[in-house]
Amino acid sequence: MSNHGDMIPLKQTEIHAVADLLDEIENENLYRALLVVYKRTLQIVLLKMQVYSAKEIAPLKASISL
């Protein structure tokens, strides 16, 4: 079983925009896949990462800019 002491610490970067999120992706396959994801979906993911609840995001979906 793996020891958590062997894990490499993740850098703590503030992510405030979809571009910031994409800039932090190190896996090229994941990066390419996310580039083709609908922009609105990426913005919803960003809101979830910023600890917004689904109830808070739902009314915003229509107003999220594309």
Side-chain angles (χ1 to χ4, degrees):
M1 189 171 266
S2 171
N3 182 347
H4 291 293
D6 297 338
M7 296 178 71
I8 299 171
L10 297 174
K11 61 182 177 178
Q12 297 295 317
T13 303
E14 297 255 345
I15 297 176
H16 300 285
V18 171
D20 297 336
L21 176 60
L22 290 173
D23 286 345
E24 291 302 310
I25 297 170
E26 296 177 1
N27 180 301
E28 186 174 344
N29 290 332
L30 176 58
Y31 178 81
R32 289 178 187 274
L34 287 174
L35 284 177
V36 298
V37 170
Y38 199 54
K39 185 177 178 183
R40 183 174 288 161
T41 302
L42 286 176
Q43 290 176 320
I44 291 169
V45 168
L46 177 62
L47 290 171
K48 286 297 288 179
M49 290 177 64
Q50 294 174 342
V51 195
Y52 284 85
S53 71
K55 285 184 179 182
E56 292 171 310
I57 294 171
L60 301 175
K61 288 194 302 187
S63 65
I64 292 174
S65 64
L66 297 177

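All heavy atoms count here, side chains included; hydrogens, waters and symmetry mates do not.
Judged as a salt bridge (charged side-chain N to carboxylate O under 4.0 Å, His left out), not a single pair has a partner in residues 44-53 (not counting sequence neighbours).
Residues Gln50 and His16 share a closest heavy-atom pair of NE2-CA, 3.7 Å.
Contacts of Glu56 classified as side chain to side chain donor-acceptor pair (under 3.5 Å), with partners at least two apart in sequence or in another chain: Ser53. Partners of Leu30 according to the side chain to side chain contact (heavy atoms under 4.5 Å, CB included) rule, which considers only residues two or more places apart in sequence or in another chain, are Ile25, Asn27, Leu34. Partners of Glu28 under the salt bridge (charged side-chain N to carboxylate O under 4.0 Å, His left out) rule, at least two apart in sequence or in another chain, are Arg32.
In this structure, Met49 is a member of the same hydrophobic cluster as Leu22, with clusters built from ILVMFWY side-chain heavy atoms closer than 4.5 Å.
At a threshold of 4.5 Å between non-hydrogen side-chain atoms, the residues Gln43 and Leu47 do not count as touching.
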